[in-house]
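These notes are about the structure you will find just below.
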Amino acid sequence: MSLIDNLLGAMSGAAGSGQSAAPNPLLQIALSMLANSGSGSAAGGANGGVGGLGDSLGGLGGLINAFQRNGMGDQMQSWIGTGQNMPISPDQLQQVLGQGTIGQIAQQLGLSPQASASGLSELLPQLIDRLTPNGQAPQGDLGDIADIMARLGQGR
């Protein structure tokens with residue numbers, strides 16, 4: 001079972017037991033990175049997520065551009081496409097996102113920047129792959145975190 005399946009399964013198990021289905025902090029941050037239009041605050045705010053991260057990165061479209069600008073467009077395209085997902089190292093992810101963003105994420109997670117980048121380097125390929133089942137990035141954006149969670153629920 002993949003990391004994303006484990007995280008989503010834990011959330012649906014909590015929801016089925018009547019408990020709050022708050023996302024795992026790493027998943028919450030990854031979702032915030034992919035969300036658009038101020039939707040980062042839905043993952044953050046009082047719950048301690050990285051509010052506005054999606055706005056600062058530009059959501060999925062912004063991430064695609066950041067990967068292309070940093071010479072790692074092939075990795076991103078492999079996650080979007082229907083073939084095998086190419087890996088990305090924590091150092092490569094830090095190069096794409098920048099030390100400031102990784103530092104902010106690390107602070108929110110209470111982890112080192114390297115551990116944060118490592119977790120995201122495992123999660124982002126799976127998450128983006130799951131959100132692009134037809135091998136294409138969606139036109140427009142992915143919406144807010146609730147929209148993204150609904151997409152993930154449909155893809156399971």
Side-chain angles (χ1 to χ4, degrees), residues 1-14 21-37 39-40 42-44 49-50 53-106 108-109 111-156:
M1 185 174 270
S2 70
L3 175 62
I4 189 81
D5 289 328
N6 287 335
L7 293 173
L8 291 172
M11 288 173 51
S12 64
N24 167 287
L26 183 62
L27 178 59
Q28 187 174 0
I29 285 172
L31 293 174
S32 180
M33 292 170 65
L34 296 170
N36 290 85
S37 307
S39 50
V50 181
L53 188 56
D55 287 343
S56 65
L57 295 174
L60 178 59
L63 276 177
I64 292 169
N65 290 334
F67 272 76
Q68 290 171 342
R69 280 192 314 272
N70 286 282
M72 291 176 223
D74 289 344
Q75 278 94 337
M76 176 61 78
Q77 192 54 50
S78 76
W79 307 344
I80 293 169
T82 57
Q84 184 77 17
N85 288 341
M86 292 174 61
I88 187 164
S89 73
D91 290 337
Q92 289 173 315
L93 187 61
Q94 188 163 345
Q95 177 184 336
V96 170
L97 297 178
Q99 286 184 309
T101 298
I102 291 293
Q104 181 184 10
I105 291 168
Q108 292 295 322
L109 291 173
L111 298 172
S112 70
Q114 185 66 22
S116 299
S118 179
L120 284 172
S121 70
E122 284 186 52
L123 182 58
L124 277 178
Q126 294 176 43
L127 189 57
I128 292 170
D129 183 60
R130 181 75 63 95
L131 290 167
T132 56
N134 299 322
Q136 296 180 18
Q139 293 295 329
D141 62 38
L142 293 171
D144 65 16
I145 290 178
D147 294 333
I148 295 171
M149 290 300 298
R151 284 178 188 248
L152 290 170
Q154 292 171 358
R156 292 186 63 201

Item to check | pair Met33-Leu97: side-chain heavy atoms closer than 4.5 Å | outcome: yes
Using residues 60-69 as the side-chain source, report each donor-acceptor pair under 3.5 Å to any protein atom, sequence neighbours left out, with the distance given to one decimal.
residue, atom, partner, partner atom, Å
Asn65, ND2, Gly61, O, 3.4

Item to check | Note, Val96 side chain near Gln75 side chain (heavy atom, < 4.5 Å) | outcome: no
Item to check | Under 3.5 Å: donor-acceptor pair, side chain of Asp144, backbone of Ala146 | outcome: yes
Checklist outcome for this item: Residues at least two apart in sequence or cross-chain that pass side-chain contact (heavy atoms from CB on, under 4.5 Å) with Ala30, listed by chain then number, are Leu120, Leu123, Leu124, Leu127
Next on the checklist: Let me confirm one number: the CD1-CD distance from Ile88 to Glu122, rounded to the nearest 0.5 Å.
Outcome noted: 12.5 Å
Item to check | Distance (rounded to the nearest 0.5 Å) between Leu27 CG and Ile148 CD1 | outcome: 10.0 Å
Next on the checklist: Using side chain to side chain contact (heavy atoms under 4.5 Å, CB included), reason through Leu152 and Leu31 one step at a time and then give a plain yes or no.
Outcome noted: CA-CA 11 Å; Leu152 290 170; Leu31 293 174; 4.0 Å; yes
Item to check | Qualifying side-chain hydrogen bond (donor to acceptor under 3.5 Å, both in side chains) pairs, either residue in residues 85-96, two or more places apart | outcome: Ser89-Gln92
Next on the checklist: My understanding is that only residues two or more places apart in sequence, or in another chain, count here; which of them pass side-chain contact (heavy atoms from CB on, under 4.5 Å) with Thr82?
Outcome noted: none
Item to check | Gln99 atom CD, over 12 foreign heavy atoms within 6.0 Å | outcome: no
Checklist entry - Minimum heavy-atom separation for Ala35 to Ile145, with atom names? => result CB-CG1, 4.0 Å
Checklist entry - What's the spacing between Ser118 OG and Leu93 CG if we round to 0.5 Å? => result 9.5 Å
Checklist entry - What pairs of residues pass the ring-ring contact (aromatic ring centres under 6.0 Å, His included) test when at least one of them lies in residues 120-142, not counting sequence neighbours? => result none
Next on the checklist: Tell me which one of Leu57, Asp141, Ile128 satisfies side-chain contact (heavy atoms from CB on, under 4.5 Å) with Leu34.
Outcome noted: Ile128
Next on the checklist: Could you work out, with side-chain contact (heavy atoms from CB on, under 4.5 Å) as the rule, every residue matching Pro113, not counting sequence neighbours?
Outcome noted: Ile102, Ala106
Checklist entry - Does Ser78 have any side-chain contact (heavy atoms from CB on, under 4.5 Å) partners at least two apart in sequence or in another chain, and if so, which? => result Met86
Checklist entry - What closest approach, in Å, do Asp147 and Leu142 show between heavy atoms, and which atom pair accounts for it? => result CB-O, 3.5 Å
Checklist outcome for this item: Heavy-atom closest pair (Ser116 atom, Leu109 atom, distance to 0.1 Å) is OG-CD1, 3.8 Å
Checklist entry - Counting N and O atoms only, with roles assigned by atom type, does the side chain of Asn134 sit under 3.5 Å from a partner on the main chain of Gln136, one being a donor and the other an acceptor? => result no
